[in-house]
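Keep in mind that the numbers below use all heavy atoms, side chains included, and drop hydrogens, waters and symmetry copies.
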Amino acid sequence: MTWRYALVLEPAASDDPRTDFASTFREIDPAAPALSVGELSTQRGDGIFESIGVVHGHPQEVTAHLERLAHSAALCDLPAPQQEQWRQAVAVAAAHCPQDGEGVIKLILSRGVEHGPAPTAWVTAAEAADNSAVRESGVRVVTLDRGYAIDTPARAPWLLLGAKTLSYAVNMAAIREAKRRGADDAVFVTSDGYVLEAPTASLVLRVGGRFVTPAPNGGILHGTTQLSLFEHLAELGHDTAYETIPVSALAEADAAWLLSSVRLAAPISAIDGVAVPVDVELTASFNDYLLSPRT
């Protein structure tokens with residue numbers, strides 16, 4: 001990933017009535033040191049983030065990403081983001097993304113500096129990796145135990161299982177473990193046998209002509225790309241559903257996809273070494289839609 005641009009925000013209160021927040025932005029060199037050694041985002045992963053896909057200079061699903069940022073902030077007891085301030089920061093960053101091709105904008109809100117200024121916030125813009133091959137050929141996944149039961153998030157909300165936090169060490173370790181097992185990615189499952197999500201993506205299955213995704217009651221991060229695709233599928237007359245999916249249902253799927261903001265729709269070609277049919281034509285139509293301008 002090639003970083004092109006970065007700016008620091010002076011976070012405004014959520015009820016700040018201003019309409020122009022340009023004075024709260026400070027451009028910084030994305031290649032130069034920028035954070036204090038006391039920054040809690042790096043010391044403890046104590047913060048939240050969003051990654052927004054950018055297509056030909058157009059940031060995708062900005063409203064959904066900002067709403068999820070606010071949801072994560074509430075779960076983590078962080079100050080509520082001023083939505084218009086962040087929207088304007090996204091627009092500034094988008095101007096520095098590739099105008100012909102794909103990019104990614106990251107929004108980061110940290111608890112701040114220990115015994116110092118809080119919170120801290122910044123936005124970056126970069127070129128996206130070339131995901132064309134994986135969108136066509138797909139990914140092999142393995143199921144990995146997430147280490148908790150389906151009802152754990154409701155019983156222990158302090159685990160922040162539904163927030164998009166900066167604490168991604170477990171997610172990255174899962175991907176490394178998947179590769180050690182000869183796969184490309186992982187799908188988390190609960191210790192009592194239910195399907196969750198991938199470390200950096202949502203899961204969608206096609207079973208008997210219906211499109212289903214795990215219900216967001218097990219600490220699942222509600223995917224903005226999955227939400228958009230389900231709206232599109234519903235408009236086309238397809239049945240979509242959120243369900244509590246047992247691991248055994250994976251073997252019943254006649255097609256499956258991982259969905260994320262930058263990779264978009266990646267078909268799953270195998271689960272735990274068992275081949276899954278790849279619907280090339282349908283996947284291409286998904287990505288055609290997901291690459292179209294969406295607000």
Geometric class of the Tyr289/His232 ring pair [parallel <30°, tilted 30-60°, perpendicular >60°]: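 Parallel: the ring planes of His232 and Tyr289 meet at under 30°.
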
Begin from the C-alpha positions of Phe25 and Val123 and carry the test side-chain contact (heavy atoms from CB on, under 4.5 Å) through to its verdict. CA-CA 10 Å; Phe25 305 153; Val123 173; over 6 Å; no

Which atoms form the tightest heavy-atom contact between [X] and [Y], and what is the distance?
X      : Y      : result
Leu107 : Leu69  : CD1-CD2, 4.4 Å
Ala201 : Leu258 : CB-CB, 4.0 Å
Glu84  : Gln82  : N-OE1, 2.8 Å
Val92  : His96  : O-CD2, 3.1 Å
Ala70  : Pro81  : CA-CD, 3.9 Å
Ala126 : Pro98  : O-CD, 4.2 Å

Distance only, no hydrogens: is a donor on one side chain within 3.5 Å (strictly under) of an acceptor on the other, for Trp3 and Thr124?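 Thr124 and Trp3 do not have a side-chain donor-acceptor pair below 3.5 Å.
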
Would you say the side-chain atoms of Arg140 and Ser269 include a donor-acceptor pair closer than 3.5 Å?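 There is no such pair (donor and acceptor under 3.5 Å, judged by atom type) between the side chains of Arg140 and Ser269.
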
Close side-chain approach of [X] to [Y], heavy-atom, < 4.5 Å:
X      : Y      : answer
Phe230 : His238 : no
Pro267 : Phe286 : no
Thr42  : Leu35  : yes
Tyr168 : Thr200 : yes
Pro119 : Pro11  : yes
Val195 : Leu203 : yes
Ile52  : Val104 : no
Tyr148 : Leu159 : no

Between the side chain of [X] and the main-chain N/O of [Y], is any donor-acceptor distance below 3.5 Å?
X      : Y      : value
Asn171 : Pro199 : yes
Gln226 : Ser202 : no
Thr190 : Tyr194 : yes
Glu252 : Gly208 : no
Gln43  : Ser41  : no
Asp279 : Leu282 : yes

With side-chain contact (heavy atoms from CB on, under 4.5 Å) as the criterion, how do Ile105 and Ser51 come out once you've worked through the C-alpha distance, each side chain's angles and the decisive distance to 0.1 Å? CA-CA 6 Å; Ile105 292 171; Ser51 295; over 6 Å; no

Between [X] and [Y], does at least one N-O distance fall below 4.0 Å, as a salt bridge requires?
X      : Y      : value
Arg68  : Glu50  : yes
Glu243 : Arg210 : yes
Asp185 : Arg263 : yes
Glu114 : Arg44  : yes
Asp46  : Arg111 : yes
Lys164 : Glu197 : no

Would you mind listing every salt bridge (charged side-chain N to carboxylate O under 4.0 Å, His left out) that reaches into residues 148-160, with sequence neighbours excluded?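 Every salt bridge (charged side-chain N to carboxylate O under 4.0 Å, His left out) pair that includes a residue of residues 148-160, provided the two are not neighbours, is Asp151-Arg155.
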
Pair Ser261, Gln60 - check side-chain hydrogen bond (donor to acceptor under 3.5 Å, both in side chains), show working. CA-CA 8 Å; Ser261 297; Gln60 304 280 67; over 6 Å; no

Determine whether the aromatic ring centres of residues Tyr242 and His222 are separated by less than 6.0 angstrom.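 Yes, close enough.
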
Stepwise salt bridge (Lys or Arg N to Asp or Glu O under 4.0 Å) check, Glu102 with Arg135: CA-CA 14 Å; Glu102 297 178 49; Arg135 292 170 188 166; 2.8 Å; yes

With hydrophobic residues grouped by side-chain heavy-atom distances under 4.5 Å, do [X] and [Y] end up in a single group?
X      : Y      : answer
Leu7   : Phe21  : yes
Leu290 : Trp257 : yes
Tyr5   : Val62  : yes
Leu227 : Val212 : no
Leu221 : Leu264 : no

Out of curiosity, [X] [atom1] to [Y] [atom2], how far, rounded to the nearest 0.5 Å?
X      : Y      : atom1 : atom2 : result
Thr213 : Leu259 : OG1   : CG    : 7.5 Å
Leu229 : Thr225 : CG    : OG1   : 8.5 Å
Leu250 : Ile245 : CG    : CD1   : 7.5 Å
Asp272 : Thr143 : CG    : OG1   : 3.5 Å
Leu236 : Phe211 : CG    : CZ    : 9.0 Å
Glu61  : Glu67  : CD    : CD    : 10.5 Å

What do the steps show when you test Thr244 against Asn217 for side-chain contact (heavy atoms from CB on, under 4.5 Å), and what is the final call? CA-CA 8 Å; Thr244 301; Asn217 59 2; 3.6 Å; yes

Near Phe188 CZ, under 6.0 Å, is it more than 12 heavy atoms from other residues, nucleotides or ligands?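 More than 12 within 6.0 Å, yes.
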
side-chain contact (heavy atoms from CB on, under 4.5 Å) assessment of Leu9 paired with Gln85: CA-CA 9 Å; Leu9 285 74; Gln85 180 187 34; 4.0 Å; yes

